[in-house]
Amino acid sequence: QVQLVESGGGLVQAGGSLRLSCAASGSIFSIYNMGWYRQAPGKQRELVATIRSGGSTNYPDSVKGRFTISRDNAKNTVYLQMDSLKPEDTAVYYCNAYSLVTSYNVWGQGTQVTVSS
């Protein structure tokens with residue numbers, strides 16, 4: 001089983017950038033699919049980005065062109081580069097490791113991102 005710890009959140013002005021990191025331990029990181037989700041107060045948790053073990057990525061329209069997910073298997077870390085941030089990006093961002101074949105699913109504790117206008 002993998003354990004996930006997010007970092008890199010903070011306060012940023014609209015139009016600014018942040019890079020989130022998710023450090024994994026406890027298993028073989030390279031075999032997992034990884035994702036970033038976010039949850040704002042009073043809202044459902046929503047997908048931000050995914051990156052498969054093979055490297056393919058997926059983004060919803062809300063962040064496409066602004067956010068980039070990447071992974072460094074040698075460092076057991078997945079990143080979320082967030083550019084052109086908007087106030088509506090304000091949320092707690094969660095890292096996720098998953099397998100569709102085995103239904104494996106593990107979450108980190110989250111990191112707060114606040115975008116001011």
How far apart are the closest heavy atoms of Pro87 and Ser117, and which atoms are they?
CG-CB, 4.1 Å
What I'd like to find out is whether the side chain of Leu18 reaches to under 4.5 Å of the side chain of Asp83, using heavy atoms alone.
no
Would you call Asp61 and Lys64 a salt bridge, taking side-chain N to carboxylate O under 4.0 Å as the test?
yes
Given side chains that start at C-beta, do those of Met34 and Cys95 come closer than 4.5 Å, heavy atoms only?
yes
Run the side-chain contact (heavy atoms from CB on, under 4.5 Å) test on Ile69 and Tyr59 for me, step by step, so that the C-alpha distance in whole Å, both residues' side-chain angles and the decisive distance to 0.1 Å come before the verdict.
CA-CA 9 Å; Ile69 189 171; Tyr59 307 89; 3.4 Å; yes
Only one of Asp72, Leu20, Ile51 forms a side-chain contact (heavy atoms from CB on, under 4.5 Å) with Tyr79, so which one is it?
Asp72
What residue among Arg38, Gln109, Gln39 forms side-chain contact (heavy atoms from CB on, under 4.5 Å) with Tyr94?
Gln39
Would you check, one step at a time, whether the test side-chain contact (heavy atoms from CB on, under 4.5 Å) holds for Arg52 with Tyr98?
CA-CA 9 Å; Arg52 301 291 300 275; Tyr98 68 97; 3.6 Å; yes
What I'd like to find out is whether the side chain of Trp107 reaches to under 4.5 Å of the side chain of Arg45, using heavy atoms alone.
yes
What distance separates Arg66 CZ from Ser84 OG, expressed to the nearest 0.5 Å?
7.0 Å
Between Tyr37 (side chain only) and Val92 (backbone N and O only), is there a donor and an acceptor less than 3.5 Å apart?
no
Is there a donor-acceptor pair closer than 3.5 Å between any side-chain N or O of Ser53 and the backbone N or O of Asn33?
no
Here the gap from Asp89 atom CG to Ser62 atom OG, rounded to the nearest 0.5 Å, amounts to 7.5 Å
In the single-linkage hydrophobic clustering (I, L, V, M, F, W, Y; side-chain heavy atoms under 4.5 Å), do Leu85 and Leu11 co-cluster?
no
Could you tell me if Arg71 sits above the aromatic ring of Phe29, with its cationic atom closer than 6.0 Å to the ring centre and no more than 45 degrees from the axis?
yes
Intermediate values then yes/no, side-chain contact (heavy atoms from CB on, under 4.5 Å), Trp36 and Cys22:
CA-CA 9 Å; Trp36 286 97; Cys22 174; 3.6 Å; yes
Check: Glu88 main-chain N/O paired with Thr90 side-chain donor or acceptor under 3.5 Å
no
What class does the angle between the rings of Phe67 and Tyr93 fall in, given that below 30° is parallel, 30 to 60° is tilted and above 60° is perpendicular?
tilted
Tell me whether Val2 shares a hydrophobic cluster with Val5, the cluster being built from Ile, Leu, Val, Met, Phe, Trp, Tyr side chains joined at under 4.5 Å.
no
Heavy-atom check, side chain of Ser70 versus side chain of Gln81, under 4.5 Å:
no
The single option from Val48, Thr68, Val113 passing side-chain contact (heavy atoms from CB on, under 4.5 Å) against Leu80:
Val48
Heavy-atom count check: over 12 atoms from other residues, nucleotides or ligands less than 6.0 Å from Gln112 CD?
yes
Has Thr111 got a side-chain atom pairing as donor or acceptor with Gly9's backbone, closer than 3.5 angstrom?
yes
Looking at Gln3 and Ala24, would you say the former's side chain and the latter's main chain have a donor-acceptor pair under 3.5 Å?
no
